[in-house]
2 protein chains.
Amino acid sequence: MYSKKPNPNQTTVSKRETILDAAAELFLKEGYGAASINKLIDRIGGSKATVYGYFYSKERLFESIVESIVEEIPDFINGAQLMDLELREGLMAASQRLLKIATSPRHLALARIVIAETDRFPEIGKIYYERAPQHICEVLTAFIQQCAMRGGFEIAHPRETVESFTGMVLHHQLFRQLCVNPTPPTDREIHQLAARNTNMLLAMLSIKSNAGKDPKRK
Amino acid sequence: MYSKKPNPNQTTVSKRETILDAAAELFLKEGYGAASINKLIDRIGGSKATVYGYFYSKERLFESIVESIVEEIPDFINGAQLMDLELREGLMAASQRLLKIATSPRHLALARIVIAETDRFPEIGKIYYERAPQHICEVLTAFIQQCAMRGGFEIAHPRETVESFTGMVLHHQLFRQLCVNPTPPTDREIHQLAARNTNMLLAMLSIKSNAGKDPKRK
DNA sequence: AACAAACTGTACCGCATGTTACAGTTTTGA
DNA sequence: TCAAAACTGTAACATGCGGTACAGTTTGTT
């Protein structure tokens, strides 16, 4: 274990950040295995000892990186702002923002590395999952429930409905980009996807509320 | 390059298969970087030279592995058999089978390694994508179009509709397992997911067809 | 039995890895 | 101004990697 303590005060905290930023870029680009401390210091200069002074090991550095990137994921839509919208507008806004964020190169790289390394680093999977898909589902669930209350209808399984909704909006785009073609959709494509899937969800909700009871399975 | 040619005849073809099977297990478990030729021969005995005799390099071995695993993905539902079903039954059968296959540990491991390594090995992403998600979408699209024709209604964007459908069935389960909890859903959960999302799609289709022409509902 | 092809075991090469040690240099703060 | 703290550069370490060489052993075929 490296013994010299790094600087804990304000003025040179930037060194830690410099390392973290460069390491994030490197790890996201190359993956955990292919990224190395030598490549890291080739990028930013300085000494390996400094890196180990701050981060103790490659594994711990990696965990710090993922945590910092996850934290930088923007709130997918301002919760308060969402709550002011009507159902259709809210779903449109949310799904467009969701698509925009999820298909961005940086998020794609993050998802890739989390999915790849979650076996060896269970913490990062948990952190990512809670911050991204789970958080989004919670916000959206609260939103549609509020809409239902305001509109005087009921949603039988709001959480599961939202999970279906995010899936139908994101899944195909995401998988295509993860597997075969990383080009994100254009704004026009995003709009179309959002509109189609919003319509689909509204159709389903209106059937349920019109029919009073759900058209139970045969 | 290793020069001694391996056995091309029938009796000892099993050696190649033995290597391929063990390598598949190893690579799926550990990922490309962490799997090594030494670990491979520790598992099956024999000599590195034999491995290189058959597969020339680790990279080529890896590509062979992925190809062979992708080929082993079962046809997600017998196409002909699907075509005989009514819309609801077909969607139920397809989504249950889809969930069963996609959430299996083996497919999960495959998806993980493909997503992780598709940058360095673009071929494997393509092979997987075409064989799994794309193929399924094509079969399902053909199915719902046939149902529409038989039922006398129209589906505006069949392909996109199917993409939404597979997304709403799979996405959340898959991501949960990829990121945080690899436990596959129970048969009961699979049935519920399939039923809920089938109802959702049917609701959407009946709205669209009602809006268009004669109210066709089952 | 005998010959060739396939296979094995071991040792080796060059190289990259994570990590540590350490002596020297810069920066910081009082 | 000056010591302490932070940082740098270089070198070294043990280890494991992909890949090769090669001499010896097993196996299949005739």
- Under the 3.5 angstrom rule, does the side chain of A/Arg131 hit a backbone N or O of A/Ile73 as a donor-acceptor pair?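 Checked: pair present.
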| query | Salt bridge between A/Arg60 and A/Glu63, side-chain N to carboxylate O under 4.0 Å? | reply |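 No, no charged N to carboxylate O under 4.0 Å.
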ask   = Are B/Arg106 and B/Glu72 ion-paired here, with the side-chain N under 4.0 Å from a carboxylate O?
value =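 Salt bridge: yes.
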Could you check how far [atom1] of [X] sits from [atom2] of [N], rounded to whole Å?
X: B/Arg60; N: D/dG19; atom1: CZ; atom2: C1'; result: 14 Å
X: A/Ile41; N: C/dT19; atom1: CD1; atom2: C1'; result: 12 Å
X: B/Glu30; N: D/dG16; atom1: CD; atom2: C1'; result: 14 Å
X: B/Arg120; N: D/dG18; atom1: CZ; atom2: P; result: 13 Å
X: B/Glu59; N: D/dG19; atom1: CD; atom2: C1'; result: 12 Å
X: A/Lys15; N: C/dT28; atom1: NZ; atom2: C1'; result: 16 Å
X: A/Leu40; N: C/dT19; atom1: CG; atom2: C1'; result: 14 Å

Mark yes or no: B/Lys39 above the aromatic ring of B/Phe27, with NZ or CZ under 6.0 Å from the six-membered ring centre and no more than 45 degrees from the axis.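 Ring-cation test returns no.
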Looking at B/Glu25, I'd like to know if its CD atom is crowded, meaning that more than 12 non-hydrogen atoms belonging to other residues, nucleotides or ligands lie closer than 6.0 Å.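 Count not over threshold, so no.
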Exercise. Are any of A/Tyr54's side-chain N or O atoms less than 4.0 Å away from OP1 or OP2 of D/dC7?
Worked result: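 Checking A/Tyr54 against D/dC7: at least one side-chain N or O falls below 4.0 Å of OP1 or OP2.
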Checklist entry - Taking only N and O in the side chain of B/Thr50, is any of them less than 4.0 Å away from OP1 or OP2 of C/dT8? => result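 Indeed, a polar side-chain atom of B/Thr50 lies that close.
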Side chain to side chain donor-acceptor pair (under 3.5 Å) between B/Asn181 and B/Thr183, worked out: CA-CA 6 Å; B/Asn181 180 357; B/Thr183 315; 2.7 Å; yes
Restricting both atoms to N or O, compile the protein contacts to nucleotides 15-18 of chain C shorter than 3.5 Å, with distance only.
unit_1: C/dT17; atom_1: OP1; unit_2: A/Ser36; atom_2: OG; d: 3.2
unit_1: C/dG18; atom_1: OP1; unit_2: A/Lys58; atom_2: NZ; d: 2.8
unit_1: C/dG18; atom_1: OP2; unit_2: A/Ile37; atom_2: N; d: 3.1

query: Do the rings of B/Phe121 and B/Phe62 sit parallel, tilted or perpendicular, given the 30° and 60° boundaries?
result: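 Geometry flag for B/Phe62 against B/Phe121: perpendicular rings.
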| query | Excluding sequence neighbours, so at least two apart, what forms ring pair (Phe, Tyr, Trp, His ring centres under 6.0 Å) with B/Tyr129? | reply |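 Counting only residues at least two positions away or on another chain, B/Tyr129 forms no ring pair (Phe, Tyr, Trp, His ring centres under 6.0 Å).
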**Difference in axis direction between the ends of the helix from C/dA1-D/dT30 to C/dA30-D/dT1, five pairs, 10°** =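 One end axis against the other gives 20°.
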- Message: Any heavy-atom pair between the side chains of A/Ile136 and A/Val162 that's under 4.5 Å?
- Response: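 SC-SC contact between A/Val162 and A/Ile136 ruled out.
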